[in-house]
Amino acid sequence: MKLSLRFVLPLMLVLAGIAYATAPLVDGLTLRWFVKDIDMRSALIANTIQEPLQELLAADRKTRAVEFFNRITRDERLYAIGYCASPAGTALASRFLPDEIHCHDLEGWRGSGEHLMQIAKGPLHVAVKPMESEAAPAGRLVLVHDMSFIVRRSEETKRYVFYFFMGLAAVVSLITVIIAQLSWRGWMSGMRALLRGEGLLRQPGAGAQPKLPEFKPIARDLQRLIRELESDARTRDEAQINWTPESLRAILHGELRGEDVIVVSNREPYIHQRRGDRIEVQQPASGLVTAMEPIMRACSGTWIAHGSGSADRETVDKNDRIAVPPDNPAYQIRRVWLTAEEEAGYYYGFANEGLWPLCHIAHVRPTFRSSDWAQYVAVNRKFAQAVVSESKTKDPIVLVQDYHFALLPKMIREELPDATIIAFWHIPWPNPESFAICPWRDEVLAGMLGSSILGFHTQFHCNNFVDTVDRFIEARVDRESFTVSHGGKLTAVRRYPISIAWPPEAGLVQKPVPDCRRDIRQMNDLPPEHKLGVGIDRLDYTKGIMERFRAIERLLELHPEWIGRFTFVQVAAPTRSGIEEYQHHEAQVRAMVARINDRFERGGPPPIVLKVEHHEPREVYEYFRAADLCFVSSLHDGMNLVAKEFVAARDDDRGVLILSQFTGASRELPESLIVNPYDADQCAAALNMALIMPADEQRDRMRLMRDLVAEFNVFRWAGRMLLDAAAMRRRSRLADKTGRGEA
Ligand code: G6P
């Protein structure tokens, strides 16, 4: 509006000036035309009256001649007529012949002539016409026309010219403002504004309502079409991007204008542990950390997590921050300290004895205690405060990770209403009946619905979540757009299958495969050509480690030719050992290994080697590269990144992946040997098949899987969420501007 005034007012002034400047020209021109007309009229009248006048004069009937003149001058414009027989006499004249006209003056007017004169009544046109005839007396006729009508017309003309220029100014301004609006807003947004009735139709202060409500349905359809085109374009764009840390950074800086990114998770990516007088840095075994770490390296920002290491406090600055990775710092960890009581209730209790078994349905009963719940609420609140204090703007992008923080999205939303909160649930979401046993299910659901976007690995888990919301809390669920509206806020529920960094870090695949094969076999006292299978997991009952061992036992029963020729190394990172169920599970696993080894060892290499200890990523990759097969037998798993890491490690296109059908990964890696971990015979058959699979079949399968992981790497996973967040922020800024919510 300001712009329109700035442009329209000067334009109007300029055009008004032009109108005034051109008025005298127009005046002069019209005057000339009228004078010409009156001249012709005078000549015509003179010719017409000449003969009757001469007759009257010849008969010396002067009075009749004057009457004749008076009759003629009844004409509206002919003001007076006079006749001068000679310069010396007085004029024979009609009424009103101006006193200024004298016969002796007429001699000065050579031949016929015309003259303009001004008297009190107004301007007059005086024409002198000689009367020439041989038979009759000559003399001169004076014809006086009233010119006031010309002045009147000239005024009118001036007025029209002025109006014309003002109208022109208005039209030019309008066209210019429309063109400027369209080009400034960009074509798409200009179109949208016009469709909404803004721009042309919206008046200042008229608010957001289009003035023509009958256009609303058409505008809505067109808006939907534009949104579909946009999302189509985004899908195309997404597929065309080569997803790397650089492209992710470019999205952050381009689409999100380098905004604040804060990640919150319970587990930190680098743990400092005291070993005597040394401090050791450990990278924990966690799918979440595996996925988020490369993202944070690319995006910088701040990662808020529980400081759980024995030397964590010694290594932070006065703001509880530390720059990581230690050898090449790229982002900050902000550590949050928990008391033993908080950790027991929030982490071991509600998160890992309640929600973890509840969501995995792995036949371990969830335990819910109100004291754990109280700590869970308190710790979520503590992290919400940390988010607020780490946020540099009022609308940061906060990536909330996993089931430890179900309440955090709502708590952050209360403090930072403009934040874009993307919560990602890394574990499965059960069906509504299973979830219903949680005594605080409504609070958990409401907490999660504080997110702008809520992500799961699979559509199946998205469906389960939306069904649960629909069943238990008051919310509007839209199954077409997959959104939930709760407490006036909209949450988009989306599937984002997580992945790993591709290509894998150079250091992880540096050692040649033959060297890995040799070294790992030597390290485990195995002969050089011994067949080797690997399992890499946390020692968790959801991973199906016992089912895996049962399958190995069954293989050796069904195919005794493998006894002494095949060994399975299970790397099991100790985890959550404060929980009884985990201690019990570890004991069961150890006992089972002892029993199976006892049964099949027969003096040669054992069928199973169990390594209950932490391994750094480099050591894990060495095992992957040394193995003939990798067995992932989770009883229920959101994604399982071990499967993808095995594929990433095998740049020699060899090795076979056996994968549980109950992992999210099995939907993306159908070239693996997919098994039901509860079916020991089927798993044994898969193990045998893997051990005898020809090299070219291994290569064909591995290449297809590698192509998929390369294409859908973790940068794309994060990029998709950030692109969706960027689109959401654009939409909500537009809605704020127009005072309208989502259509
Ligand atoms: C799963 C969870 C993560 C967790 C990881 C390790 O992958 O989804 O949130 O970090 O297990 O568990 P821990 O309790 O050791 O962090």
Side-chain angles (χ1 to χ4, degrees), residues 263-271 273 282-293 295-296 303-309 312 333 335-336 338 342-360 362 364 372 376 379-380 383 399-406 408 423-430 448 455-458 461 496-500 536-545 571-579 581-583 585-586 612-615 617 620 632 634-645 660 662-665 714 717:
V263 169
V264 190
S265 75
N266 172 69
R267 184 59 68 201
E268 55 182 340
Y270 294 93
I271 307 175
Q273 300 285 19
Q282 225 180 51
Q283 281 188 270
S286 158
L288 180 160
V289 169
T290 307
M292 291 310 295
E293 218 273 329
I295 303 300
M296 282 309 274
W303 185 330
I304 303 175
H306 171 211
S308 58
D312 273 357
I333 298 180
R335 286 177 172 148
V336 173
L338 299 182
E342 282 172 334
E343 193 177 359
Y346 139 84
Y347 172 74
Y348 288 111
F350 193 76
N352 285 315
E353 285 191 281
L355 289 178
W356 178 268
L358 176 75
C359 290
H360 279 90
V364 169
D372 291 348
Y376 188 81
V379 171
N380 271 247
F383 274 80
L399 306 175
V400 177
Q401 306 300 309
D402 233 349
Y403 59 98
H404 309 90
F405 296 117
L408 195 55
F424 195 83
W425 198 259
H426 289 256
I427 64 175
W429 189 273
M448 292 172 77
F456 295 92
H457 294 298
T458 67
H461 299 149
Y496 300 105
I498 206 167
S499 195
I500 54 167
I536 313 278
D537 306 82
R538 285 179 306 104
L539 192 39
D540 193 298
Y541 53 81
T542 61
K543 300 297 177 187
I545 295 172
V571 171
T575 185
R576 306 171 194 170
S577 31
I579 298 173
E581 192 62 47
Y582 282 79
Q583 295 160 8
H585 179 244
E586 183 179 336
V612 181
E613 60 200 74
H614 178 79
H615 286 65
V620 168
V632 174
S634 307
L635 305 180
H636 205 175
D637 219 330
M639 173 55 72
N640 193 292
L641 291 183
V642 168
K644 291 188 177 180
E645 285 182 305
S660 158
F662 304 121
T663 59
V714 76
W717 172 77

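When a residue number appears, it is its place in the shown sequence, counting from 1. Read the numbers this way: they start at 1 and go in the same order the structure lists the ligands and their atoms.
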Which residues pass the side chain to side chain donor-acceptor pair (under 3.5 Å) test with H461, not counting sequence neighbours? T458
Set of side chain to side chain contact (heavy atoms under 4.5 Å, CB included) partners for A423, sequence neighbours left out: V400, P409, S451, L454
I'd like a table of the close N/O pairs between ligand 1 and the protein (anything under 3.5 Å), one pair per line with both atom names and the distance.
unit_1, atom_1, unit_2, atom_2, d
ligand 1, 8 (O), D402, OD2, 2.5
ligand 1, 9 (O), D402, OD2, 2.5
ligand 1, 10 (O), S286, OG, 2.9
ligand 1, 11 (O), R538, NH2, 3.2
ligand 1, 11 (O), R576, NH2, 3.3
ligand 1, 12 (O), R576, NH2, 2.9
ligand 1, 14 (O), Y347, OH, 2.5
ligand 1, 14 (O), R576, NE, 2.9
ligand 1, 14 (O), R576, NH2, 3.3
ligand 1, 15 (O), R267, NH2, 3.1
ligand 1, 16 (O), R267, NE, 2.8
ligand 1, 16 (O), R267, NH2, 3.3

Do the two ring centres, one from W425 and one from Y496, sit under 6.0 Å apart? no
From K543, H360, H457, residue fulfilling side-chain hydrogen bond (donor to acceptor under 3.5 Å, both in side chains) relative to D637: K543
Of the non-hydrogen atoms in F456 and M448, which two are nearest, and what is the gap between them? CZ-CE, 4.4 Å
List for me each residue that meets ring pair (Phe, Tyr, Trp, His ring centres under 6.0 Å) alongside Y403, sequence neighbours excluded, and say none if there are none. W356
